[in-house]
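Here the structure is a predicted model, which is why all the values come from computation and not from measurement.
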Amino acid sequence: QVHLQESGGGSVQSGGSMRLSCVASGSIGDYYSMGWFRQVPGKEREGIACIDDDNGGERYKESMKERFTISLDRAKTTLYLQIDRVNSDDAAVYYCVALVNDHCYLAHLSQPSKYPFWGQGTQVLVSS
């Protein structure tokens, strides 16, 4: 079992930056991948990016490449998401996800059900 705990959400001014964190604990396996999804009420969960533990490979949803940066501190088993030039479309609940003994593939970002482990989410609010 893997437990994920996000932090770093809150209110950010439009045009500003924000960094979200996610600490993973538990049986993370020999290798794993982690990622970020977000969800706006009434809409489906949207994949943002994922990253491999063993080789650091990163995958981004095409529309997220310019302003989002995913990173992983392996020693701390902590995942980060940097959001730059925040805009109103970024207001959402952001979820950390993990997949044990499997790598990160671009297709996974369209398949939320692929990820068995989810954090409780952290909300990002954008003020103008």
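Between Leu72 and Arg74 the shortest side-chain heavy-atom distance falls below 4.5 Å. At a threshold of 4.5 Å between non-hydrogen side-chain atoms, the residues Val12 and Leu125 do not count as touching. Within the 4.5 Å cutoff, side-chain heavy atoms of Leu4 are placed close to those of Met34.
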Give every donor-acceptor pair under 3.5 Å between a side-chain atom in residues 37-49 and any protein atom, sequence neighbours left out.
{"unit_1": "Arg38", "atom_1": "NE", "unit_2": "Glu46", "atom_2": "OE1", "d": "2.9"}
{"unit_1": "Arg38", "atom_1": "NH1", "unit_2": "Asp90", "atom_2": "OD1", "d": "2.9"}
{"unit_1": "Arg38", "atom_1": "NH1", "unit_2": "Tyr94", "atom_2": "OH", "d": "3.0"}
{"unit_1": "Arg38", "atom_1": "NH2", "unit_2": "Glu46", "atom_2": "OE1", "d": "3.4"}
{"unit_1": "Gln39", "atom_1": "OE1", "unit_2": "Arg45", "atom_2": "NE", "d": "3.0"}
{"unit_1": "Gln39", "atom_1": "NE2", "unit_2": "Lys43", "atom_2": "O", "d": "3.0"}
{"unit_1": "Glu46", "atom_1": "OE2", "unit_2": "Lys61", "atom_2": "NZ", "d": "2.7"}

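In plain terms, the two heavy atoms of Thr78 and Ser21 that are nearest each other are CG2-CB, 4.4 Å. Contact detail for Met18 and Gly10: the closest heavy-atom pair is CE-O, 3.8 Å. Smallest separation of non-hydrogen atoms from Arg59 and Leu109: O-CD1, 3.9 Å. In terms of heavy-atom proximity, Val100 sits nearest to Ser27 at CG2-O, 4.0 Å. Between Ile51 and Gly56, the shortest heavy-atom contact is CG1-O, 3.9 Å.
Every side-chain contact (heavy atoms from CB on, under 4.5 Å) that Asn101 has, sequence neighbours left out, goes to Asp30, Tyr31. Residues passing the salt bridge (charged side-chain N to carboxylate O under 4.0 Å, His left out) test with Glu66, sequence neighbours excluded: none. Every side-chain contact (heavy atoms from CB on, under 4.5 Å) that Ser127 has, sequence neighbours left out, goes to Ser11, Gln13.
With no hydrogens or angles considered, no side-chain donor-acceptor pair links Ser14 and Asn87 at under 3.5 Å. Using modelled atom types and a 3.5 Å distance limit, the side chains of Asp54 and His103 yield a donor-acceptor pair.
The closest donor-acceptor contact from the side chain of Gln120 to the backbone of Gln5 lies at 3.5 Å or more, if one exists at all. Side chain of Arg67 to main chain of Ile83: no donor-acceptor pair is present (N/O by atom type, distance under 3.5 Å, no hydrogens or angles). Between the side chain of Ser110 and the backbone N or O of His108 there is no donor-acceptor pair closer than 3.5 Å. Under a 3.5 Å cut-off, the side chain of Arg85 and the backbone N or O of Ser17 do not form any donor-acceptor pair.
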### Task
Would you sort out whether Met64 and Trp36 count as a side chain to side chain contact (heavy atoms under 4.5 Å, CB included), showing the intermediate values?
CA-CA 11 Å; Met64 306 290 186; Trp36 291 96; over 6 Å; no
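A disulfide (SG to SG under 2.5 Å) check over residues 72-128, counting only residues at least two apart or in different chains, returns the pairs Cys22-Cys96, Cys50-Cys104. The stretch residues 50-84 participates, sequence neighbours left out, in no ring-ring contact (aromatic ring centres under 6.0 Å, His included) pair at all.
To the nearest 0.5 Å, the span separating CG on Leu81 from CG on Leu79 amounts to 7.5 Å. With values rounded to the nearest 0.5 angstrom, Ser33 atom OG is found 6.0 Å from Asp52 atom CG. One distance of note links CG of Leu20 with CD1 of Ile70; it measures 10.5 Å at 0.5 Å rounding.
Tyr115 and Tyr95 end up in the same hydrophobic cluster when Ile, Leu, Val, Met, Phe, Trp and Tyr side chains are linked at under 4.5 Å.
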